Number of protein chains: 2
Amino acid sequence: MRTLEHPGVEELTLDAVLSALADPVRRTIVAQLDVGHEDQACIAFDLPVSKSTSTHHFRVLRDAGIIRQRYAGTAIRSSLRREDLDARFPGLLDAVLRG
Amino acid sequence: MRTLEHPGVEELTLDAVLSALADPVRRTIVAQLDVGHEDQACIAFDLPVSKSTSTHHFRVLRDAGIIRQRYAGTAIRSSLRREDLDARFPGLLDAVLRG
DNA sequence: GTCGTAGTACGAGGACTCTCGTACAAATCT
DNA sequence: AGATTTGTACGAGAGTCCTCGTACTACGAC
């Protein structure tokens, strides 16, 4: 099975997290994951960009440690790393999601 | 007396605020304002960039509504718009400052 | 008035980002 | 096996951002 690289909790940087969340498309992804679309494939998200651009944004979120991704057949299941983010930057994710 | 443009509370956008806070130099400014250097001139901040780059970063922070600036002689006094930010995006500033 | 200080305006270089299309790889389904 | 689905790799174009130096303005001090 194919695997995907994820940074550890202690590797999360405020710089990467804030840069990732500064993009509106990526905040849309995070918001949709927050309301429980964790079973969706990347392609099923409602995004105003092409497929390759989607891949780019999901990768940025994964590299920043904001989401976790694992293969499920040909698709990928994404989920929010809420606990890791709360442990490293308490209140940040909630504040952004509320905004 | 010269004046400076500031956005109103209702004009603050998450996009502008997060983009502004995504830069490490600007977070340094915000952090120094947070620990009570609000009497300092811009030039007195400990930043690893040139004077004109400083001007740029202070302007981005002001345009995003994160700081307030007013002239005091030839210098400028900057201060955090903590209450405005807390009203618009509760918990966000604290989370970033804690990180 | 002259000098010094604090900040701005402007332009430029370099890097990065967002976007896309096309071509491709990996797993699944028929 | 062949077709379909999902996502990736790659390259390219356009735009943005960070950085700087130089020249300039506004205010205050002497």
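Everything numeric in this text was worked out from a predicted model, so none of it was measured. Reminder, nothing fancy here: chain letters follow the sequence lines and each chain counts from 1.
- A salt bridge is defined here as a Lys NZ or Arg NE, NH1 or NH2 lying under 4.0 Å from an Asp or Glu carboxylate O, and B:Arg82 with B:Asp94 meets this definition.
- Nearest to the side-chain atoms of A:Ile76 among the listed nucleotides D:dG7, C:dC20, D:dC20 stands D:dG7.
- Which of D:dT19, C:dT8, D:dT8 sits closest to the side chain of A:Thr55 comes down to D:dT8.
- For C:dC18, the OP1/OP2 oxygens have a side-chain nitrogen or oxygen of A:Arg26 closer than 4.0 Å.
- Closest to the B:Cys42 side chain, of the nucleotides C:dG7, C:dT19, D:dC18, is C:dG7.
- Side-chain atoms of A:Ser52 and base atoms of C:dG21 include a donor and an acceptor less than 3.5 Å apart.
- Phosphate contact (OP1/OP2 of D:dC20, side-chain N/O of B:Ser50, threshold under 4.0 Å): present.
- A:Arg77 comes within contact range of no nucleotide atom at all, as no heavy-atom separation falls under 4.0 Å.
- Side chain of B:Ile43, nearest nucleotide from D:dT6, D:dC20, C:dG7: C:dG7.
- For B:Val49, the listed nucleotide lying nearest its side chain is D:dC20; candidates were D:dC20, C:dT8, D:dT6.
- Minimum atom distance to the side chain of A:Arg2 is reached by C:dA27, of the listed D:dC18, C:dA27, C:dT19.
- Listed nucleotides C:dA26, D:dC18, C:dA6 differ in distance to B:Lys51; the shortest reach to its side chain belongs to C:dA6.
- Among the protein residues, B:His57 comes within range of the sugar-phosphate backbone only, with heavy atoms under 4.0 Å from sugar or phosphate atoms but none that close to a base.
- When distances are taken from the side chain of A:Ala75 to each of D:dT6, C:dT19, C:dG7, the shortest belongs to D:dT6.
- Annotation for B:Leu47 and B:Ser54: closest pair CD1-OG, 3.5 Å, computed over non-hydrogen atoms.
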